[in-house]
Asker: 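Dropping a structure here in structure tokens format, bear with me for questions.
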Amino acid sequence: MKHNIGRSGLNPNGNYRRIDRGFRFRMPGWRNISWKNVITELARVGYFGSLNFEHEDITMSRLDGISKTSAYLKPMLIGAPFEGRNDLNFRF
């Protein structure tokens with residue numbers, strides 16, 4: 001976060017296990033990234049494949065990270081592309 005830049009700088013390095021680092025990896029839903037926007041943009045370019053994540057968040061166990069991330073992202077996943085509409089508002 002912005003308030004931690006003074007602690008680690010913009011390119012933090014060192015022991016990633018240190019909980020007081022200025023930067024640490026977080027699981028989806030535990031930071032300020034708009035995952036709805038990410039998933040929407042993937043769909044807009046035609047990607048409907050898998051969505052994978054790497055667990056490096058030292059604030060929670062592996063099982064917590066997997067269950068919380070799955071529960072957070074699952075309602076946002078788009079299963080298939082838009083089929084189109086026939087009314088005038090959707091004609092191209």
Side-chain angles (χ1 to χ4, degrees):
M1 301 198 86
K2 291 179 183 178
H3 64 275
N4 288 328
I5 291 175
R7 187 182 326 176
S8 297
L10 293 174
N11 187 14
N13 48 31
N15 187 344
Y16 283 104
R17 293 181 186 166
R18 210 178 84 217
I19 198 139
D20 65 337
R21 290 181 77 242
F23 168 82
R24 63 188 143 136
F25 299 103
R26 298 306 316 262
M27 299 304 291
W30 291 83
R31 200 52 167 217
N32 54 359
I33 293 174
S34 173
W35 284 96
K36 287 181 182 178
N37 288 346
V38 171
I39 291 168
T40 298
E41 291 305 313
L42 288 171
R44 286 188 64 222
V45 298
Y47 181 79
F48 291 95
S50 62
L51 186 61
N52 302 303
F53 62 92
E54 184 175 340
H55 187 341
E56 293 185 19
D57 188 334
I58 62 169
T59 63
M60 63 183 79
S61 71
R62 290 182 180 124
L63 186 58
D64 278 340
I66 290 167
S67 62
K68 291 178 187 319
T69 297
S70 298
Y72 176 76
L73 292 176
K74 190 173 182 177
M76 291 184 237
L77 297 179
I78 301 169
F82 179 63
E83 301 88 356
R85 303 254 173 138
N86 292 324
D87 59 55
L88 292 175
N89 292 327
F90 289 96
R91 290 190 185 164
F92 297 101

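Computation of the quantities below employed the complete heavy-atom set of this structure, encompassing side-chain atoms and omitting hydrogens, waters and symmetry-equivalent molecules.
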Asker: Do any pairs count as a salt bridge (Lys or Arg N to Asp or Glu O under 4.0 Å) and have a residue in residues 36-50, sequence neighbours left out, and if so which ones?
Answerer: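 Those involving residues 36-50 are Glu41-Arg44.
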Asker: Would you list the pairs meeting salt bridge (Lys or Arg N to Asp or Glu O under 4.0 Å) in which at least one residue belongs to residues 63-82, sequence neighbours left out?
Answerer: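 For residues 63-82, and leaving out neighbouring residues, there are no salt bridge (Lys or Arg N to Asp or Glu O under 4.0 Å) pairs at all.
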Asker: Same cluster for Ile39 and Ile33 if Ile/Leu/Val/Met/Phe/Trp/Tyr side chains link at under 4.5 Å?
Answerer: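 Looking at the clustering, Ile33 is in the same group as Ile39.
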Asker: Quick one, Thr59 and Arg26 - any side-chain contact, counting heavy atoms below 4.5 Å?
Answerer: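 Touching, per the 4.5 Å side-chain cut-off.
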Asker: Is there a path of hydrophobic side-chain contacts, each under 4.5 Å between heavy atoms, that joins Val38 and Trp30?
Answerer: no
Asker: Donor-acceptor check, side chain of Tyr72 to backbone of Pro75, threshold 3.5 angstrom: yes or no?
Answerer: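 Between the backbone of Pro75 and the side chain of Tyr72 there is no qualifying donor-acceptor contact (under 3.5 Å).
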Asker: Show the nearest heavy-atom pair for residues Thr69 and Met27, with the distance to one decimal.
Answerer: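 In terms of heavy atoms, the two residues are closest at OG1-CE, 3.1 Å.
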Asker: Should Trp35 and Leu42 be regarded as members of a common hydrophobic cluster, given that ILVMFWY residues are connected when their side-chain heavy atoms come within less than 4.5 Å of each other, either directly or indirectly?
Answerer: yes
Asker: Please answer whether the main-chain N or O of Leu63 pairs with a side-chain N or O of His55 as donor and acceptor at a distance below 3.5 Å.
Answerer: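 No; zero donor-acceptor contacts below 3.5 Å.
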Asker: Please check if Leu77 and Phe53 belong to a single hydrophobic cluster, counting links between Ile, Leu, Val, Met, Phe, Trp and Tyr side chain heavy atoms closer than 4.5 Å.
Answerer: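 In one cluster: no.
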